[in-house]
Amino acid sequence: SAPLPQRICCIGAGYVGGPTMAVIADRCPAITVTVVDLNAARIAAWNDPDLSRLPVYEPGLDQVVGRCRGRNLFFSTAVEEAIAAADMVFLSVNTPTKTRGLGAGQASDLKWVEASARTVAKAAQGHTIVVEKSTLPVRTAEAVKAILGAGVAGKSFSVLSNPEFLAEGTAIGDLEHPDRVLIGGDDPAAIDVLAAVYAHWVSPERILRTNLWSSELSKLTANAFLAQRISSINGIAAFCEATGADVREVARAIGADSRIGPKFLQAGPGFGGSCFQKDILNLVYLCRHYGLEEVAAYWEQVVRLNTWQQHRIARLVVTRLFGTVTGKRLAILGFAFKADTNDTRESPAIRIARDLLEEGAQLMIVDPKVSERQIGLDLGQPAGEGEGSWRLVASVEAAALGADALLLLTEWEQFAALDWMAIAAVMRQPAWLFDARGRADEAAARAAGLNVWRIGQG
Ligand code: NAD
Ligand code: UGA
């Protein structure tokens, strides 16, 4: 079998780099894994003795980090030193949508990938396997190779693509039991080394090998297909509301067809998260670049429908509350883009809350993991009082006090079993529950006297 790398360095200690490397270190005690980042505060948080204060919240992550940190898992800001010592370097840096210049609003901003590749070119010693872990436009490996190839004599590199398919909130389970691991490359020996790492806990038939471009493109395609299912069911949810059908029943009926399958058919306030929108827009940009306008327009519609769904929910709340929410208190249940994460990137709650603030509402936000500071950044204004303001409160009961409506936006477990009698008693009547996730105990809410709107219920 192929030799194992002795030392792995991962550039980028984010939602992907941190959990991914923690699981590799946990499963491969013989490999020393160092995760580096330029963000000193983030590295300090990864090194915090109090494991409840890691910078990424993921169920089970604290235990994995607790087992390996200081043994064969290290977090450091000494980027060049860690690269120099490593025989395998993962690039796990951010690749957000460009905000200006060529391709602004669609193309991926590759400046962090380029910068980290340049640092690798400079600091690496001997032969180094460079692994693209970030989600990248197809053919990025060409640029990475060109940057590395311009290095000093005596250094050599193999470039692999190994995209990550974990979902936030279930990252540890996804990493420990992946559906598949994808490795793209043109150097069979390098592929063998990376496959040998995963073979510690992933069965061989789940380790797929492809060429570089297929691997890079499979990641964008997987996210596009997943997001497309959500936009499809959300579009049908709106149609259900208009026609008296119920999207839950429709989802169950179509999901029973084994060719369609039951997963990813939960209608909601639109998909959030740092990747779906970014990756589809990137795909759209690339399709246009290659002159495939119809293909670009097809995928672009998935994002358009998602944006529409978010504005639609804010609009229907205003409509049901007699056409105005100015000065009204509205309780927002959940701000994270999904349950079991502290991540708010592209959370549907942001767009919905912004629309309601614009209408003059007073938002009382409850979320078990998101900080007040983060919400302030996302809403573009600090917490406050009065028309068009928001506050973070500790409990649903506190948020409901004097409120005209509750909006369930994130499917946190605790929102599924609330004391609706107690909540309804402190609200201003007539009071509403807008369940954009379809997760609340609707019968109990109705029994407590609330009007209930549920996503996709006609
Ligand atoms: P993130 O923003 O949480 O983390 C990226 C980190 O890289 C940051 O801490 C940043 O400071 C660091 N960084 C940037 N440039 C650097 C440099 N030159 N040297 C050292 N550190 C540097 O991002 P993330 O959510 O972990 O995503 C990383 C990549 O993985 C993206 O391409 C994303 O599309 C992809 N991805 C993300 C997820 C997810 O669930 N978040 C899942 C699969 C794939
Ligand atoms: C997604 C993919 O699921 C991962 O495979 C991928 O690695 C990752 O993107 C990435 O590339 O970043 P993530 O965004 O963390 O993972 O979470 P998902 O579970 O996919 O949820 C995304 C959004 O869709 C959330 O807002 C979620 O609430 C929403 N969603 C999901 C629905 O509205 N309905 C569903 O049926 C499923």
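Numbering of ligands and ligand atoms starts at 1, following listing order.
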So for Lys219 against ligand 2, with non-hydrogen atoms under 4.0 Å, the contacting part is side chain
for atom 36 (O) of ligand 2, nearest protein heavy atom and its distance come out as Gln266 N, 2.9 Å
At under 4.0 Å between heavy atoms, what of Thr170 touches ligand 2? The answer is neither
Numbered in order shown, the ligand 2 atoms found under 4.0 Å of a heavy atom of Asn223 are 2 (C), 6 (C), 9 (O), 10 (C), 11 (O)
Filtering Phe276, Phe165, Tyr15 for the heavy atom nearest atom 1 (C) of ligand 2 leaves Phe276
Below 30° counts as parallel, above 60° as perpendicular, anything between as tilted: where do the rings of Tyr198 and Trp201 land?
tilted
Under 4.0 Å from one or more heavy atoms of Lys219, ligand 1 contributes atoms 43 (C)
Query raised in the report: Hey, does Gly268 sit under 4.0 Å from ligand 2 if you only count heavy atoms?
Result: no
The closest protein heavy-atom partner of atom 12 (O) of ligand 2 is Cys275 SG, 2.7 Å
Quick look: Gln277 vs ligand 2, heavy-atom contacts under 4.0 Å, and the answer is neither
the protein heavy atom lying closest to atom 34 (O) of ligand 1 turns out to be Lys278 NZ, 2.6 Å
If the contact criterion is a heavy-atom separation under 4.0 Å, does Thr119 count as touching ligand 1? no
Contact region, Thr341 to ligand 2, non-hydrogen atoms below 4.0 Å, reads neither
Check your understanding: Short question: side chain of Arg69, backbone of Trp46 - any donor-acceptor pair under 3.5 Å?
Key -> yes
**Asked** With under 30° as parallel and over 60° as perpendicular, where do the rings of Phe276 and Phe271 fit, or are they tilted in between?
**Response** perpendicular
So the atoms of ligand 1 within less than 4.0 Å of a heavy atom of Ser274 turn out to be 41 (N)
Within 4.0 Å of some non-hydrogen atom of Arg437, the atoms of ligand 2 are 27 (C), 28 (O), 33 (O)
Q: Tell me yes or no: between the side chains of Ser231 and Asn234, is some donor less than 3.5 Å from an acceptor?
A: no
